[in-house]
Amino acid sequence: MDAESLLLSLELASGSGQGLSPDRRASLLTSLMLVKRDYRFDRVLFWGRILGLVGDYYIAQGLSEDQLAPRKTLYSLNCMEWSLLPPATEEMVAQTSVVKGRFMGDPSHEYEHTEVQKTNEGEKVFEEDVVVQIKEETRLVSVIDQIDKAVAVIPRGALFKTPFGPVHVNRTFEGLSLSEAKKLSSYFHFREPVQLKNKTLLEKADLDPSLDFLDSLEHDIPKGSWSMQMERGNALVVLRSLLWPGLTFFHAPRTKNCGYIYVGTGEKNIDLPFML
């Protein structure tokens, strides 16, 4: 959710219980504007909160003028002091995939994981147990990246792609109509497209290249991983992810008000295919 309309966005997302105390809201309003100024971001998004056993991580993301350019991710433990996280790598994701359970809420906390490594000495092969230390900050980077790629959402038309390639905020976007807002196909993944590249020319014939340049949610696997509800007398559409419980997207039809927030433990629901 955009930091400039934070209070309204939190109000619209409050139906899922994703609220913040008045002092946290006040701290965020001030500190995120300072983050935008100091890092010279085009936009700052309040991404959400990952709940830990000792403390919570408050997450914000900075976007450049090209909305699909790699985002800068920052975290805070008190909503006032922000620390920049390193970009996620495939090695980080692979390394932290073995860590299970809740976050502690301490960036310096280290998880211990025992791996079996094989060593060759001549013709003999020996196996030895090696203890690997994994920092919680590395796990935080990995989880945020996975959630972004899987369930970050924008409505169709909120962004447009220029003929030269960069993607910008569509200043003329006035929201989806009520009938369009009820369709899952009207919502896109807020990341570089993956499935679009595999579509045939015939499938792409009806697409508008300036608007339909992202992957639609309707083709997500497993099918049924999104829950859609109309709230406040059809004045608000809410999408909730069942794959990453805690992710809520909201949009008020016929208005520019839209955004998403994640408030959860940072754990993926790997049992979802068996629950549907």
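No experiment lies behind these values; they were computed from the predicted model shown.
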Heavy-atom check, side chain of Tyr187 versus side chain of Leu239, under 4.5 Å: yes

Check: Ile144 and Leu85 side chains under 4.5 Å, non-hydrogen atoms: yes

Partners meeting salt bridge (charged side-chain N to carboxylate O under 4.0 Å, His left out) with Glu110 (sequence neighbours left out): none

Modelled atom types, side-chain donor and acceptor of Glu137 and Tyr75, under 3.5 Å: yes

Cationic N near anionic O, under 4.0 Å, Glu231 to Arg240: yes

Over 12 non-hydrogen atoms of neighbours within 6.0 angstrom of CD in Glu90: no

Pair Trp226, Ser241: side-chain N/O donor-acceptor within cut-off below 3.5 Å: no

Sidechain N-carboxylate O distance under 4.0 Å for Arg102, Glu136: no

Electrostatic pair Lys36-Glu4, nearest N-O below 4.0 angstrom: yes

Residues Arg43 and Asp2 bridged, charged N to O under 4.0 Å: yes

Minimum side-chain heavy-atom gap Ser9-Phe46 below 4.5 Å: no

Derivation and outcome, side chain to side chain contact (heavy atoms under 4.5 Å, CB included), residues His168 and Phe160: CA-CA 6 Å; His168 299 297; Phe160 75 96; 3.8 Å; yes

Under 3.5 Å donor-acceptor, His251 side chain and Leu236 backbone: no

Exceeds 12 heavy-atom contacts within 6.0 angstrom, atom NZ of Lys149: no

Side chains of Arg139 and Gln95, donor plus acceptor under 3.5 Å: no

Any donor-acceptor N or O pair under 3.5 Å, side chains Ser186, Glu180: yes

Ser108 and Asp106: side chain donor to acceptor below 3.5 Å: yes

Positive for side chain to side chain donor-acceptor pair (under 3.5 Å) with Arg191, one of Asp215, Asp145, Asp148: Asp215

Intermediate values then yes/no, side chain to side chain contact (heavy atoms under 4.5 Å, CB included), Met80 and Thr30: CA-CA 8 Å; Met80 289 182 285; Thr30 307; over 6 Å; no

Polar contact flag, side-chain donor to acceptor under 3.5 angstrom, Thr89-Glu91: no

Heavy-atom side-chain contact between Val132 and Glu112 under 4.5 Å: no

Sidechain-backbone polar pair: Ser225 side chain, Leu243 backbone, donor-acceptor under 3.5 Å: no

Any Phe190 side-chain heavy atom under 4.5 Å of Leu45 side chain: yes

Non-hydrogen side-chain atoms of Gln146 and Ser142 separated by less than 4.5 Å: yes

